[in-house]
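Okay, structure first, notes after.
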Amino acid sequence: FPEPISYGIFGIIMLGFAIALLLRSKERFLFKSIAILMVLLGIYVTQSRGDWIGAAFVLAMFLFFRMRVYSRFFYIFILLVTLPVVGIMQPEMFATKQSVELSEVDETGTFEYRKNLFLGMWQMLPRNPLFGNSMYKAEPEMQALVQGQGIVDPVNTYMTVAVEQGLVTLFFFLWIVIRSINTGLR
């Protein structure tokens with residue numbers, strides 16, 4: 001693999017297959033669990049936060065689809081209630097703490113850039129929520145984030161889909177991912 005992130009993506013795909021195939025039966029459960037832990041360890045050593053989030057998402061979907069139907073509806077209801085609250089509390093969520101300077105942790109400024117990129121996209125989302133804005137990079141929020149190469153580099157795929165194609169497309173994008181995981185678990 002040319003870089004750790006590529007290996008991590010491969011690991012996420014293998015994690016999905018490993019969970020779907022290895023946990024179909026209870027026989028030799030210890031061996032199968034060790035195999036899954038090895039895949040998780042491989043994803044961990046990539047040191048890529050995106051790969052870690054992807055692995056957590058695969059594990060969460062596995063657990064979600066192992067639940068009974070009424071339990072799923074309960075958790076979906078809880079999410080639908082808490083997400084608007086998180087949206088209302090958004091300014092407090094992104095307040096930086098004065099105890100640690102980002103420059104001490106991130107010398108190159110990628111954390112600050114990603115935070116500003118996320119906040120800029122979050123501000124643009126309500127303008128065209130359903131079908132997005134394919135010209136979002138021309139908006140003032142994004143023009144302030146042009147890098148040295150003259151580009152805006154959106155690093156969050158889900159937020160990019162939501163802003164560029166809208167929440168309807170994001171819903172179908174996530175539906176395909178979740179449906180694929182569910183089909184793999186059967």
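Residue numbers start at 1 and run along the sequence shown. All values derive from a computational prediction rather than experimental measurement.
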Exercise for the section: State plainly whether one hydrophobic cluster holds both Leu174 and Phe172, where clusters connect Ile, Leu, Val, Met, Phe, Trp and Tyr through side-chain heavy atoms under 4.5 angstrom apart. Expected result: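 Different clusters: Leu174 never reaches Phe172 through Ile, Leu, Val, Met, Phe, Trp or Tyr contacts under 4.5 Å.
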Exercise for the section: Group every Ile, Leu, Val, Met, Phe, Trp and Tyr by side-chain heavy-atom contacts under 4.5 Å, then state whether Val168 and Leu170 land in the same group. Expected result: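 Cluster IDs for Val168 and Leu170 differ.
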Which hydrophobic side chains are connected to [X], either touching it within the sub-4.5 Å cutoff or through other members that do?
| X | result |
| --- | --- |
| Trp175 | Ile176 |
| Leu30 | Ile34, Met38 |
| Ile53 | none |

Problem - Heavy-atom side-chain proximity of Phe171 to Leu167 below 4.5 angstrom - result: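 No, every pair of side-chain atoms sits at 4.5 Å or beyond.
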Distance, nearest 0.5 Å, that separates [atom1] of [X] from [atom2] of [Y]:
| X | Y | atom1 | atom2 | answer |
| --- | --- | --- | --- | --- |
| Gln123 | Phe118 | CD | CZ | 11.0 Å |
| Tyr7 | Met14 | OH | CE | 10.0 Å |
| Leu40 | Ile19 | CG | CD1 | 7.0 Å |

Handout entry: With sequence neighbours excluded, residues passing side-chain contact (heavy atoms from CB on, under 4.5 Å) with Ile12
Key =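 Ile12 satisfies side-chain contact (heavy atoms from CB on, under 4.5 Å) with Ile43, Asp51, Val58 once adjacent residues are dropped.
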Practice task
Sequence neighbours left out, what passes side-chain contact (heavy atoms from CB on, under 4.5 Å) with Ile178? Give chain and number order.
Solution key: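 For Ile178 the side-chain contact (heavy atoms from CB on, under 4.5 Å) partners, ignoring immediate neighbours, are Phe57, Met61, Phe65.
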Exercise for the section: Just grab all the salt bridge (charged side-chain N to carboxylate O under 4.0 Å, His left out) pairs involving residues 34-43, residues at least two apart or on different chains. Expected result: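 Every candidate salt bridge (charged side-chain N to carboxylate O under 4.0 Å, His left out) pair involving residues 34-43 fails, so no pair, neighbours aside, qualifies.
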Practice task
Would you name the heavy atoms of Met124 and Val163 that are closest together and state the gap between them?
Solution key: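 Smallest heavy-atom distance, with atoms named: CE-CG1, 3.7 Å.
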Problem - Pairing residues for Tyr44 by the ring pair (Phe, Tyr, Trp, His ring centres under 6.0 Å) criterion, not counting sequence neighbours - result: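 Applying ring pair (Phe, Tyr, Trp, His ring centres under 6.0 Å) to Tyr44 gives Trp52.
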Handout entry: Qualifying residues under ring pair (Phe, Tyr, Trp, His ring centres under 6.0 Å), relative to Phe74, sequence neighbours excluded
Key =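 Phe74 satisfies ring pair (Phe, Tyr, Trp, His ring centres under 6.0 Å) with no other residue.
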Exercise for the section: Using side-chain hydrogen bond (donor to acceptor under 3.5 Å, both in side chains) as the criterion, list what pairs up with Glu139, not counting sequence neighbours. Expected result: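 Arg127, Asn133.
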